[in-house]
Number of protein chains: 2
Amino acid sequence: MATGRTHRPATRSRGIPEATVARLPLYLRALTALSERSVPTVSSEELAAAAGVNSAKLRKDFSYLGSYGTRGVGYDVEYLVYQISRELGLTQDWPVVIVGIGNLGAALANYGGFASRGFRVAALIDADPAMAGRPVAGMPVQHTDDLERIIQADRVSIGVIATPAGAAQQVCDRLVAAGVTSILNFAPTVLSVPDGVDVRKVDLSIELQILAFHEQRKAGEEPGGVGAARTADAAPAAGSGAAAQAAAPPAPHAAEDTLRKGPDGDMPAVMPA
Amino acid sequence: MATGRTHRPATRSRGIPEATVARLPLYLRALTALSERSVPTVSSEELAAAAGVNSAKLRKDFSYLGSYGTRGVGYDVEYLVYQISRELGLTQDWPVVIVGIGNLGAALANYGGFASRGFRVAALIDADPAMAGRPVAGMPVQHTDDLERIIQADRVSIGVIATPAGAAQQVCDRLVAAGVTSILNFAPTVLSVPDGVDVRKVDLSIELQILAFHEQRKAGEEPGGVGAARTADAAPAAGSGAAAQAAAPPAPHAAEDTLRKGPDGDMPAVMPA
DNA sequence: CGTTGTGAACTCTTTCACAGCC
DNA sequence: GGCTGTGAAAGAGTTCACAACG
């Protein structure tokens, strides 16, 4: 029960669905690009294409914000940029601290996409005394000892954790205790936080694993592929002696005799070894 | 129409729901940790806590894989690690190339989480001739000119794009032409790819923007907050002279008189300036 | 017992399709 | 005529709650 929540559970904050909120930054990016090219108006179809979604979804999304378009014409680019920015809270300044200035932390510190939205890197913090004072992205790295002071001095409410997994929970606790209420976590750990604190996580290896899953399905007959020659979903539930797992690992407690009823299960139609 | 798809649209590949696939890596991580501590079995409740989800969801997820648990006991840790790894395709070796060796690319190259799963960094590629040959993460950076050769020589099917936004689509096209069918995109652009190619994207600033949205809602009365003193959802739809947007930007085409019917709209109950 | 596996209910999200308006 | 805004339908995903089973 004391485990880190990641979203906010039910409470679709103020009527805008989470799924929509997650797409607003996408629209904003596309709109910003149009704005830079001085395009005055855009249709849902065009904007949707630029953002990589379909137009019905986009219109539905915008309908939660209000009626900001003009029938027969489209949306006023500048106006929409403003409305979405406001909705996302980007019209105000968000000081952010980055904790853990390794490769990733440095990359984040240098990332232009923050500053261009309402985010301002207030401080870079690292536990390594050797890092202290060293400039990264034109900014001196500060020591973890000063974490609380920095958070409070600058009224920082958003923290980015880019430390190794082992340090993440501890850093998280200190950030929260010092007043941070939103955390972006790059460490591969589940953080537990008190109610009222939001955590979002970005896990690089998870994304790759999801790709690998789909990749495996595409490559029906790659070298060494376990599940070669899948037969769609023909057999109702893999009949005969199931426990035949190739060079398989630890058998389950109930050993060789148990029939594992995996949907298409362990047995490739043709088994390599 | 020619815009990059990001998931695979409908086709819940081989019966396992996308949402479940996206959580398998989480379970795998938790299980790996248990395995290292030589824990033999685990209940859905415990494992769910470790993975940061609830136990009903976890059981449902596992039910798509098969019946791998024992009632009254729980799941065999080692066995589950194997089953999930296999399902995700991590029992085979996935060579990966990283294109764009800036701060982020270097961070990715150094990231241990790849190697520990089935991923092997086959090459680091950058367009800057000055980078060529320089070692990053114990590996010489290679020039973009060799991209096609590298992909083909190593039969790479997964590419990671960590270039600036401007170069991303071009790099993507070359990767795809050379045979890559899964792309993890860190550049803040919508990539367009042919059918059959999967793209997942990670956008650092999007995550922050989502946090800012929720943060804005929490901080009812922060300094300068536009939406201070929200009254839940009292007023049916903001009555009087709507167009009062603080120091607001470009009015829409239909100017000051239009009543924008945004759900709670532009007017703070008390307006700062 | 305790814990899994899963139908059934529910909630959230997407898509359709068209009325309403410019 | 063209395009938005939105009800209504369809589809995914989550949660409930309990029968089944070791």
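No experiment lies behind these values; they were computed from the predicted model shown.
- Counting only residues at least two apart or on different chains, the salt bridge (Lys or Arg N to Asp or Glu O under 4.0 Å) pairs with a member in residues 29-44 of chain A are R29(A)-D203(B).
- Within the structure, a side-chain polar atom (N or O) of N54(B) is placed less than 4.0 Å from OP1 or OP2 of dT15(D).
- For dT3(C), the OP1/OP2 oxygens have no side-chain nitrogen or oxygen of Y68(B) closer than 4.0 Å.
- Contact annotation: Y75(A) reaches the phosphate of dG5(D) (side-chain N/O to OP1 or OP2, under 4.0 Å).
- For F62(B) and dT3(C), the CZ to P distance is 16 Å, given to the nearest whole Å.
- Picking from dG13(D), dT4(C), dC3(D) the nucleotide with the shortest atom distance to the side chain of S43(A) gives dC3(D).
- Two residues, D61(B) and D61(A), neighbour DNA chain C, and the one matched to the more 5' nucleotide by heavy-atom proximity is D61(B).
- Listed by chain and residue number, nothing satisfies the salt bridge (Lys or Arg N to Asp or Glu O under 4.0 Å) test with E46(B) (two or more places apart in sequence, or in another chain).
- Put simply, CG on L58(A) is 12 Å from P on dT15(C), counting in whole angstrom units.
- Distance from the side chain of K57(A) is smallest for dT14(C) among the nucleotides dT6(C), dT3(C), dT14(C).
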Worksheet, complete the sentence: Its contact letters, B for base, S for sugar-phosphate only and - for none at protein heavy atoms under 4.0 Å, make nucleotides 17-22 of chain C read B-BBBB
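- The stretch residues 23-48 of chain A participates, sequence neighbours left out, in these ring-ring contact (aromatic ring centres under 6.0 Å, His included) pairs: Y27(A)-F62(A).
- What separates CD of Q83(A) from C1' of dG5(D) is a distance of 16 Å, to the nearest Å.
- Taking atom CD1 of residue I16(A) and atom C1' of nucleotide dC12(C), one finds them 15 Å apart after rounding to whole Å.
- Residues passing the side chain to side chain donor-acceptor pair (under 3.5 Å) test with T189(B): none are found, sequence neighbours excluded.
- The OH-C1' distance, from Y64(B) to dA12(D), rounds to 9 Å in whole Å.
- In this structure, the CG atom of L47(B) is 14 Å from the P atom of dT3(C), given to the nearest Å.
- Counting to the nearest Å, the P atom of dG13(D) and the CZ atom of R23(B) are 9 Å from each other.
- To the nearest angstrom, P of dG7(D) lies 7 Å from NZ of K60(A).
- Residues Q209(B) and W94(A) fail the side-chain proximity criterion, which asks for heavy atoms closer than 4.5 Å.
- Residues forming a salt bridge (Lys or Arg N to Asp or Glu O under 4.0 Å) with R23(A) (at least two apart in sequence, or on another chain): D61(A).
- Looking at heavy atoms from C-beta onward, L184(A) lies out of side-chain contact with I158(A) at the 4.5 angstrom threshold.
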